[in-house]
Amino acid sequence: MNEALVSNPIQEYKLSLRRKSIHQGTVIGVENHAPFGQKMQVAVIALNNGLRGLIFESQFDKQKYRSLVGFIDHKIDFMVLDVSKLGTYAEDVKVFDEEKGIVLLSRVQALEELQEEFWETADVDHIVTGSVSGFEDQRIYVRIKGVICVLPIQDYEYDWTVSGRGLIPLGTELTVKITHIDRARKHVRVSRKELLEDPWNRVPDHYGVANFYPGTITRVVDNIGVFVKLAPGVDALAWFPAENKIPKDNILVGKTCSVRIKNVSVQKRRISCKIVDFPHEL
């Protein structure tokens, strides 16, 4: 081990500041401090050599959060705080407190560096890894090198997904493919589905005409029919079952049924079938 680091463990981060190095670490706690006479939340990061890193709320994100508690146990990017970028109160900030073993950090400055790199190098068809930073019904937001990218819900997987809300936890790492970049508008769209195997490639091997298979009813549409999921991403369309076959509670969605395959068209991604039984209904 480097003797200088043993005698002065904070030296590693002084060198990191000079090199403008970007690190990753996990938020291990959120504390309340008042560094400039103003009470604020501070994210705590466990650093090497038993040191503690602190990220003031103002240096955590340009976006204002009601609380940083939701980031506990999440991995984030950070760099040692460069006070020259702080402006008026820079000289009042003590970045290295060797007595207490504390180093002040900045997530904002790290994200700015990463964003600059992203816009210089990213392109359509690049495969990249990011972390989930938010979600809505129709989209998931993925932070890639500090840039918030949009993952439309229909591009998450081949299976039919109802909503992006609560689909995967915040902070989850996702590997995706860039499908669209608008540098002028700072807009990026990505797809996870394009990196997955298309389940329809295996349909001819698994489903034969006139054969019987189990499925789960996912939707019922008037004047169109009943959609039956045979496998993730593979739905078949059936007409409404005969009256004497309908479950006693008259509820179809969510029920397991047995179907007979009538027609398969991989090219059109269509399977037609007939519901012949509900094996778990009395």
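The figures that follow rest on heavy atoms only: side chains count, while hydrogens, waters and symmetry mates do not.
- Put simply, CG on Leu230 and CD1 on Ile261 are 5.5 Å apart, with the number rounded to the nearest 0.5 Å.
- Annotation: the span from Ile181 atom CD1 to Asp123 atom CG amounts to 5.5 Å, rounded to 0.5 Å.
- Within the 4.5 Å cutoff, side-chain heavy atoms of Ile217 are placed close to those of Ile275.
- Using a 4.0 Å cut-off between charged side-chain N and carboxylate O, Lys145 and Glu117 make a salt bridge.
- Heavy-atom neighbours of Arg19 CZ from other residues, nucleotides or ligands within 6.0 Å: at or below the threshold of 12.
- Closest of all the heavy-atom pairs between Cys273 and Ala236 is SG-CB, 3.7 Å.
- A side-chain donor-acceptor contact under 3.5 Å links Thr179 to the backbone of Arg189.
- Between the CD atom of Gln41 and the CZ atom of Phe56 there is a distance of 13.5 Å, given to the nearest 0.5 Å.
- Inter-residue side-chain proximity for Lys229 and Asp159 is flagged as met; some heavy-atom pair is nearer than 4.5 Å.
- For the residue pair Glu57 / Tyr65, no side-chain donor-acceptor distance below 3.5 Å is found, with atom types taken as modelled.
- Val44 and Leu81 end up in the same hydrophobic cluster when Ile, Leu, Val, Met, Phe, Trp and Tyr side chains are linked at under 4.5 Å.
- To the nearest 0.5 Å, the span separating CH2 on Trp200 from CZ on Arg270 amounts to 10.0 Å.
- Shown here for Ile178 and Ala122, the closest heavy-atom pair between the two residues is CD1-CB, 4.1 Å.
- Taking 4.0 Å as the cut-off between side-chain N and carboxylate O, Arg52 and Glu31 count as a salt-bridged pair.
- Rounded to the nearest 0.5 Å, atoms CG (Leu114) and CG (Asp77) are 5.0 Å apart.
- Aromatic ring orientation, Tyr207 versus Tyr213: perpendicular (interplanar angle above 60°, classes split at 30° and 60°).
- Put simply, CD1 on Ile45 and CD1 on Ile55 are 4.5 Å apart, with the number rounded to the nearest 0.5 Å.
- Counting non-hydrogen atoms of other residues, nucleotides and ligands closer than 6.0 Å to NZ of Lys274 gives a total of 12 or fewer.
- With respect to Arg269 and Asp198, a salt bridge is recorded, a charged nitrogen being found less than 4.0 Å from a carboxylate O.
- The hydrophobic cluster containing Phe240 does not contain Leu237, counting ILVMFWY residues as joined when their side-chain heavy atoms lie under 4.5 angstrom apart, directly or transitively.
- Geometric assessment of Arg165 against the ring of Phe135 yields a negative cation-pi assignment under the 6.0 Å and 45° thresholds.
- Placement of Phe227 and Tyr158 in two distinct hydrophobic clusters is found when ILVMFWY residues are connected by side-chain heavy-atom separations under 4.5 Å, directly or transitively.
- For Gln138, the CD atom sits in a loose shell: 12 or fewer heavy atoms of surrounding residues, nucleotides or ligands are nearer than 6.0 Å.
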Next item on the list: Could you go through the side chain to side chain contact (heavy atoms under 4.5 Å, CB included) check for Val209 and Asn263 one step at a time?
Entry: CA-CA 6 Å; Val209 173; Asn263 180 268; 5.6 Å; no

Indicate every side-chain donor-acceptor pair of residues 101-108 with a distance under 3.5 Å to a residue at least two apart or in another chain.
unit_1, atom_1, unit_2, atom_2, d
Ser106, OG, Gln59, OE1, 2.5
Ser106, OG, Val108, N, 3.4
Ser106, OG, Gln109, N, 2.9
Arg107, NH1, Phe60, O, 2.7
Arg107, NH1, Asp61, OD2, 2.9

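- Minimum interatomic distance between Cys257 and Val228 (heavy atoms only, all atoms of both residues): SG-CG1, 3.9 Å.
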